[in-house]
Structure formats: C-alpha cells, structure tokens
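Have a look at the structure below before the remarks.
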Amino acid sequence: MITIKNYINGTYCEPSNNEWLEAIDPSTGVVYGRLPNSTDKDVEEAYKAANTAFASWSKTSVGQRSEILRKIADLIVSKLDALAAAESMDNGKPLSLAKEVDIPRAALNFRFFSQAITQFYSESHEQVSQKSINFTLRQPIGIVGCISPWNLPLYLFTWKIAPALAAGNCVVAKPSEVTPYTAFLLAEICTKAGLPKGVLNIVHGMGHTTGQAIVEHPNIKAISFTGGTKTGAHIAKTAAPLFKKLSLELGGKNPNIIFADCDYKKMLSTTVKSSFANQGQICLCGSRIFVEASIYEQFKNDFIEKVKQLKVGLPSEKNTDIGALVSKPHLDKVLSYIEQVKQEKATVLYGGERVSVENGKNGYFMQPTIIEVSSNDCVLNQEEIFGPVVTLMPFKGDTEALKLANNVKYGLSATVWTNNLKRSLYFSEQLQTGIVWINTWLQRDLRTPFGGAKSSGVGREGGFEVLRFFTEAKNVCINYE
Ligand code: TXE
C-alpha cells in the first residue's frame with residue numbers, strides 16, 4: 001500500500017484531520033494506496049508556507065528560476081519509467097501512452113517555460129509631445145491556486161504549475177483526488193531540483209472541500225482550473241465576488257468535419273486517434289464526426305473496420321490501444337449515455353459494452369463505441385460523454401457542416417479535413433472554437449494560445465498568454481519634462 005502525502009513547506013506531511021481517501025487502480029478495481037482527505041486547515045498551512053516563500057521567490061532572477069525549472073524537467077526525464085508506470089496504474093491509460101506522451105510532455109512543460117520566461121517581455125509606449133513614457137511592469141501575482149483533473153494528470157498539473165512558478169508566483173496546487181500519484185512523486189523531484197521550500201505546495205483531497213478551500217481563500221489571488229464545465233461554473237461563481245483572476249479550461253464536444261476532398265488515409269488513421277486516444281478522455285477528442293454525404297458509407301465501413309482492430313487490454317500490456325476508464329463512477333456515467341440510444345433514433349454501429357480483460361476482470365474497461373445519430377440536437381451530440389464514444393452523421397455542403405459544428409454549447413476545438421484552401425480558411429474563421437486543426441489533430445506548439453470559447457472556458461493558457469495570466473500588469477508613466 002502506498003501512502004500519498006501532502007507537500008507543504010518543502011516536506012511531506014499527513015492531513016491535519018488524519019482522514020484518508022482510497023487510491024484505486026482502475027484496471028483491477030483494487031485499492032493500491034491512500035491519499036489525504038485534506039481540509040481548509042491544510043490549505044491554510046499551504047498558503048502560509050507559500051506566502052512566506054513568496055518574499056524571496058518573487059525576487060529571484062529570471063535566470064535562477066529558469067535554471068530550477070530546467071532541472072525539474074531533467075529529473076522528470078530521468079524518472080520517465082517510474083513516472084509512466086505510476087501514471088498508467090493510477091489512471092488506467094496504456095503504459096505506452098504515459099511513456100510517449102504524458103510524462104515527456106510534463107517534462108516539456110517545465111523545459112518550455114524555463115525558456116519562455118527568459119523571452120517574456122513587456123511593452124512601452126512613448127508620448128513624445130507630453131515628454132513622457134509609459135512602460136508595463138509585469139509582476140508576479142502572489143499566491144496562486146492550480147486545480148487539475150484526472151485525464152492527463154501530470155501533463156495538466158505541470159501545464160499550470162510551470163508557468164506560475166516561472167512568472168515568480170508561489171503555488172497552492174491540488175491534483176484530482178482520482179489520480180494523485182504522479183503529483184506526489186513530482187514533489188520529491190522539485191525538492192531535488194532545488195525549488196525552495198514553500199514555493200510549491202501540493203494539497204490532496206476532494207474538490208468540494210480541499211479544492212473549494214483553495215478557491216475561497218481570500219489571499220489566493222488567481223485560480224487556474226481544468227475540469228468539468230459544471231465545476232468551472234461553480235468556481236467562477238465562488239471566485240467572482242473575491243475578484244480573483246480566473247483561467248478556466250472546461251469541457252468540449254468537438255466536431256470532426258470530414259470532406260470528400262481530404263487525404264483519406266491520413267484522415268482515417270488520425271480520426272481513430274482523435275476518437276479513442278486515452279479512452280476518449282481528452283477534452284480535445286473529436287467526439288462528433290460529420291462526414292460529407294458522398295463518402296459517408298465508405299467512411300462508416302472503413303472506420304468500423306479500423307476500430308475493430310483496437311485492442312482493449314491491461315494498460316501494462318505492450319499492444320494495448322485502449323486501457324481502463326478512470327473510475328467506476330465514470331464508467332457508469334459513460335455507459336449510461338449508451339442507454340440514450342434507445343430514445344434518440346440512434347444506432348450503435350460498434351461497441352457499447354463494458355468488457356472484461358484477462359488479469360483485469362474487475363477493471364473499468366469498455367469497448368470503443370461508434371453510434372450513428374440522425375440529428376445533432378440529441379443528448380448524444382450535445383453533452384460531453386468524455387469516454388470512448390463517438391457519433392457519426394452525414395452532411396451536405398459547407399453551410400450545413402458549419403451549422404452542425406457550431407450548434408453546440410461547447411467551443412473548445414474543431415478538426416476539418418479538406419484539401420481546399422479557401423474552405424479551410426472559411427472554416428477557420430467561422431468555427432466558434434478556441435482551436436482549429438486543419439488536416440491534423442492534437443498537434444501542439446506550446447507557444448500558441450490554448451483554450452476554449454463558449455462553455456469550454458475563459459482565458460487562454462500556453463506561451464506568453466499564460467505568463468500574462470500569471471502576472472499583474474502595472475502601467476508606470478514617467479514624465480521627463
Ligand atoms: O471533474 P471535476 P469530474 C469533464 C468530463 C467529466 C466531467 C466531470 O465530462 O465527465 O467533467 O468530471 C476539482 N472547487 N472533464 O467530476 O469535478 C476536482 O477535485 C474546486 C473535462 O471528475 O471538474 C479535480 O481536481 N475544485 C476535463 C478538478 O476539480 C473542485 C477533465 C476537476 O474535477 C471543485 C476532467 C470545487 N468545488 C473532466 N469540485 C477537461 N476539460 O479536460 C471539483 N474540483
């Protein structure tokens with residue numbers, strides 16, 4: 001049994017109430033350890049440590065901070081195997097995915113922001129006729145809160161923490177209570193890399209208690225949150241009267257629009273990934289597939305054939321494509337959407353069932369699922385399922401495709417498959433999403449703005465956008481007359 005502890009003021013500590021939550025391996029359903037069920041008392045301790053550390057951390061040079069972040073990145077890389085194994089066990093994702101994507105990206109988050117902060121700049125505006133100059137001082141905000149979800153645990157945890165620290169803030173962070181393990185391991189890495197005590201504090205616990213205490217804390221001045229849209233709305237309501245800066249990365253119901261003039265082979269293999277990578281538990285997955293009518297039947301058959309070949313299996317096995325869903329409640333939620341088919345003139349073309357795999361009989365495994373829908377206005381096309389479930393629907397022409405794509409409350413990302421340049425630019429302009437991929441999916445450049453429109457969130461992460469979020473801009477006007 002593994003005991004996961006809080007990381008406050010540079011040391012591992014137990015929760016003040018001595019209450020613990022169970023940590024479960026989703027591929028077996030077996031409890032592998034325990035984690036703190038922290039309260040507002042623990043959050044207060046974390047805040048105090050952060051506040052004490054801020055006085056000196058905020059005065060460190062960019063070079064010093066950059067060097068420590070780089071060391072953290074190097075140490076993550078050196079512990080790739082252990083971190084990937086921990087992530088895969090905790091989350092249920094294939095070990096190969098954790099090794100190739102999650103952990104390298106966590107290292108890259110630190111490496112990228114160790115460099116980005118050295119290039120971050122501010123503006124100056126001259127008013128020659130009035131003999132004055134304005135310049136913008138970008139100062140760290142102070143103590144900031146970072147709250148992350150379970151689908152890409154270390155990847156998203158570090159995506160917030162790295163820029164917050166780079167910008168000179170001290171952090172009180174909470175990973176998801178469903179996947180706490182790699183955040184726990186990260187703490188030790190930070191200590192080894194020479195991060196001064198109190199600069200990063202990690203408090204484990206439930207969202208409505210520990211997370212809520214972070215959001216409600218009057219002196220935690222900014223909240224960066226990734227998670228469900230409902231939770232995001234609740235956080236916004238709590239934080240608004242306290243006038244906190246807020247960055248919310250929320251759910252998605254992303255369209256994958258396929259035109260007949262696309263590069264068919266590339267589209268087909270990428271669409272399998274954009275549908276089912278990480279068991280479909282990525283906010284960027286293309287869960288609504290719209291296909292031009294002239295190639296609809298061909299696509300449908302080819303797609304089903306490809307998806308049939310995906311192997312659902314133990315995350316640790318080499319040839320596993322689809323691991324376990326993250327938890328029993330989440331599996332139940334995803335399966336409950338399959339029931340919806342009966343009410344919605346929809347047809348399950350493939351999958352739809354929970355499955356049992358060898359050596360993981362009680363694991364939370366499910367078949368990749370393809371559902372044909374007859375309307376975009378159904379629950380299956382309007383609600384975020386966040387599992388290995390996609391819907392298919394044909395369309396005729398650009399106008400209909402665009403209408404279908406935009407007719408949803410979410411606006412995170414969209415993918416368009418076409419070789420028509422005019423059409424790609426038209427769709428890029430008209431799609432109501434924060435991210436548009438043309439002839440690709442999940443191709444990331446960390447310098448670009450990342451975030452959603454409509455109910456998919458507020459604010460942008462990535463590049464200088466997030467460094468602006470994690471700093472307070474102050475205008476200084478000097479008159480030299
Ligand atoms: O996420 P929550 P849940 C979507 C997906 C999923 C649904 C619900 O559709 O089925 O959200 O998932 C913390 N104050 N996404 O319930 O609750 C919580 O402890 C402060 C999309 O698991 O939003 C965790 O650390 N914090 C998403 C984090 O919020 C609170 C990824 C996210 O959990 C809190 C995950 C509160 N009151 C789910 N309540 C994406 N955008 O990628 C909870 N938390």
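Just so it is clear, the values below take in all heavy atoms, side chains as well, and ignore hydrogens, waters and symmetry mates. Bear in mind that the values here come from a model prediction, so they are computed numbers and not experimental data. We count residues from 1, following the sequence as given. Counting convention: from 1, in listed order, for ligands and their atoms alike.
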Checklist line | CA sep, side-chain torsions, deciding dist, call: Gln279, Lys93, side chain to side chain donor-acceptor pair (under 3.5 Å) | finding: CA-CA 7 Å; Gln279 297 70 247; Lys93 67 178 67 209; over 6 Å; no

Next item on the list: Pick, from Gly228, Gly387, Gly232, the option with the minimum heavy-atom distance to atom 1 (O) of ligand 1.
Entry: Gly228

Next item on the list: Please check if atom NZ in Lys197 has more than 12 non-hydrogen atoms from other residues, nucleotides or ligands closer than 6.0 Å.
Entry: no

Note to self: If you count every heavy atom of other residues, nucleotides or ligands that lies below 6.0 Å from Gln139 atom CD, does the total exceed 12?
What the structure shows: yes

Checklist line | Nearest neighbour in protein (non-hydrogen) for atom 31 (C) of ligand 1 | finding: Pro149 CB, 3.5 Å

Note to self: List ligand 1 atoms under 4.0 Å from Lys174, heavy atoms only on the residue side.
What the structure shows: 18 (C), 19 (O), 25 (O)

Check: Is Gln281 in contact with ligand 1, taking contact as a heavy-atom separation below 4.0 Å?
Finding: no

Note to self: Given Phe386, which partner from the list Trp150, Tyr337, Tyr410 fulfils the ring-ring contact (aromatic ring centres under 6.0 Å, His included) test?
What the structure shows: Trp150

Note to self: Determine whether Glu249 and Glu461 satisfy the following criterion, side chain to side chain contact (heavy atoms under 4.5 Å, CB included), listing intermediate values before the conclusion.
What the structure shows: CA-CA 8 Å; Glu249 297 301 330; Glu461 298 187 309; 3.3 Å; yes

Check: Is it true that His330 lies under 4.0 Å from ligand 1, counting heavy atoms only?
Finding: yes

Checklist line | atom 36 (C) of ligand 1 [closest protein heavy-atom partner, distance rounded to 0.1 Å] | finding: Gly207 O, 3.2 Å

Next item on the list: Measure from atom 8 (C) of ligand 1 to every heavy atom in Lys333, Glu216, His204, Lys230 and give the option owning the shortest one.
Entry: Lys333

Checklist line | Identity and separation of the nearest protein heavy atom to atom 17 (O) of ligand 1 | finding: Thr231 OG1, 3.3 Å

Check: Relative to each other, are the rings of Phe120 and Phe464 parallel, tilted or perpendicular (30° and 60° limits)?
Finding: tilted

Check: Are Tyr12 and Phe184 close enough that their ring centres sit under 6.0 Å apart?
Finding: yes

Next item on the list: Could you tell me whether Glu249 approaches ligand 1 through its side chain, its backbone, both or neither, with non-hydrogen atoms closer than 4.0 Å?
Entry: backbone

Next item on the list: Check step by step if side chain to side chain donor-acceptor pair (under 3.5 Å) holds for Asn376 and Arg288.
Entry: CA-CA 9 Å; Asn376 185 48; Arg288 294 183 298 146; 3.1 Å; yes

Check: On the ring face of Trp159, is Arg105 found with NZ or CZ under 6.0 Å from the centre and within 45° of the axis?
Finding: yes

Next item on the list: Measure from NZ or CZ of Lys245 to the centre of the six-membered ring of Phe469, then state whether that distance is under 6.0 Å and the direction lies within 45° of the axis.
Entry: yes

Margin query: Starting from atom 19 (O) of ligand 1, what is the nearest protein heavy atom, named by residue and atom, and what distance separates them?
Written below: Glu177 OE1, 2.6 Å

Next item on the list: With heavy atoms of Leu250 as the reference, note each atom of ligand 1 found under 4.0 Å away.
Entry: 41 (N)

Notebook entry, point to check: Going through the checks in order, is the side chain to side chain contact (heavy atoms under 4.5 Å, CB included) test met by Phe365 and Ser27?
Noted result: CA-CA 7 Å; Phe365 297 93; Ser27 70; 3.9 Å; yes

Notebook entry, point to check: Quick one: does ligand 1 sit under 4.0 Å from the side chain of Ile235, the backbone, both or neither, non-hydrogen atoms only?
Noted result: side chain

Note to self: When you compare ligand 1 with Ile385, is there at least one nitrogen or oxygen pair between them that comes in under 3.5 angstrom?
What the structure shows: no

Note to self: Within the 4.0 Å heavy-atom shell around Gln212, which atoms of ligand 1 are there?
What the structure shows: 14 (N), 20 (C), 36 (C), 37 (N)

Next item on the list: Among all protein heavy atoms, pick the one closest to atom 4 (C) of ligand 1 and tell me residue, atom and distance.
Entry: Glu384 OE1, 3.3 Å

Next item on the list: Give the residue and atom name of whichever protein heavy atom lies nearest to atom 13 (C) of ligand 1, and the separation in Å to one decimal.
Entry: Ile147 CG2, 3.7 Å

Notebook entry, point to check: So which heavy atom in the protein is nearest atom 24 (C) of ligand 1, and how far is it from that ligand atom?
Noted result: Ser148 O, 3.5 Å

Margin query: Taking NZ in Lys454 as the centre, count heavy atoms belonging to other residues, nucleotides or ligands within less than 6.0 Å. Is the count above 12?
Written below: yes

Check: So which heavy atom in the protein is nearest atom 12 (O) of ligand 1, and how far is it from that ligand atom?
Finding: Trp150 NE1, 3.9 Å

Margin query: I'd like to check which ligand 1 atoms, numbered from 1 as shown, lie under 4.0 Å from a non-hydrogen atom of His234.
Written below: 37 (N)

Next item on the list: Verify the contact flag for atom 33 (O) of ligand 1, where contact means a protein heavy atom under 4.0 Å away.
Entry: no

